[in-house]
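Each residue takes its place number in the sequence, starting with 1.
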Amino acid sequence: MMRPEDFDILDLLPQRPPFIMVDRLTYYDPVITKTAFRVNGDNLFCRNGVMEESGLIENIAQTCAARMGYKEKTEPQRDGTIKIGFIGMIKTMLIFRNPHVGETLETTVEIREDVFNATLVRTKVESGGETLATCEMKIYLTDKVPGGS
């Protein structure tokens, strides 16, 4: 079986450059998923060397997308099709500090509920062991595929 780090992140996400907010999937089990992302100065969500809050939110959402992409590519009962999801809810978002260009974000999502096309996760974004942001997020998965109808 392929490990999370064996995948090119573009094979797991519906997003395409320049809108990629995770570099690699670093860990996966049925409950916990982790990604890494180095903040670059040319990032769409960076201003004056600092990533905006919306960049943190998108990083979390794409960590959820990488989880679903990995499941699609590795679970035998799935067909391998990457589907588009969207954020349905953000609850209790706490941002302790915005990341700076050059930092590597380590994002963890923990599945709280996974029912039909809705997934509720608890999240944490860290850099160098320091917690930068936490929230609960609900993601809805559609039947749409990138470039499809």
Work out which heavy atom in [X] is nearest to a heavy atom in [Y]; give both atom names and the distance.
X	Y	value
Gln15	Leu10	O-CD2, 4.3 Å
Phe37	Asn59	CB-ND2, 3.7 Å
Leu105	Met51	CD1-SD, 4.1 Å
Gly41	Cys46	O-CB, 4.3 Å
Ser127	Arg97	CB-NH2, 4.5 Å
Ile82	Val145	O-CG1, 3.6 Å

May I ask you to test the [X]-[Y] pair for a side-chain heavy-atom distance under 4.5 Å?
X	Y	result
Ile32	Tyr27	yes
Glu126	Thr131	yes
Asn98	Glu53	yes

Without swapping roles, check the side chain of [X] against the backbone of [Y] for a donor-acceptor pair under 3.5 Å.
X	Y	value
Thr123	Cys135	yes
Arg67	Leu25	no
Glu75	Glu72	no
Gln62	Met21	yes
Thr142	Lys144	yes
Asp114	Thr119	no

From Glu110, Glu136, Glu113, residue fulfilling salt bridge (charged side-chain N to carboxylate O under 4.0 Å, His left out) relative to Arg122: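 Option passing the salt bridge (charged side-chain N to carboxylate O under 4.0 Å, His left out) with Arg122: Glu110.
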
Which value, rounded to the nearest 0.5 Å, describes the distance between [X] atom [atom1] and [Y] atom [atom2]?
X	Y	atom1	atom2	result
Asp6	Asp11	CG	CG	11.5 Å
Met89	Tyr140	CE	OH	7.5 Å
Met68	Leu12	CE	CG	11.5 Å
Thr107	Leu56	OG1	CG	8.0 Å
Lys73	Asp79	NZ	CG	9.0 Å
Ile60	Ile90	CD1	CD1	7.5 Å

Indicate, with yes or no, if [Y] and [X] share a hydrophobic cluster defined by side-chain heavy-atom contacts under 4.5 Å among Ile, Leu, Val, Met, Phe, Trp and Tyr.
X	Y	result
Ile87	Ile84	no
Val121	Tyr28	no
Val101	Val22	no
Ile20	Tyr70	yes
Met93	Met137	yes

All salt bridge (Lys or Arg N to Asp or Glu O under 4.0 Å) counterparts of Lys83, not counting sequence neighbours: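 For Lys83 there are no salt bridge (Lys or Arg N to Asp or Glu O under 4.0 Å) partners, ignoring immediate neighbours.
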
Pairs where residues 30-46 contributes a residue and the test side-chain hydrogen bond (donor to acceptor under 3.5 Å, both in side chains) is met, not counting sequence neighbours: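 Those involving residues 30-46 are Thr35-Thr63.
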
Residue Phe116 excluded, over 12 heavy atoms near CZ under 6.0 Å: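 Open: at most 12 neighbouring heavy atoms sit under 6.0 Å from CZ of Phe116.
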
Atom NZ of Lys71 with >12 non-hydrogen neighbours under 6.0 angstrom: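 More than 12 heavy atoms, drawn from other residues, nucleotides or ligands, come within 6.0 Å of this atom.
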
Ring pair (Phe, Tyr, Trp, His ring centres under 6.0 Å) between Phe45 and Phe19, intermediate numbers included: CA-CA 9 Å; Phe45 295 101; Phe19 205 67; 5.7 Å; yes

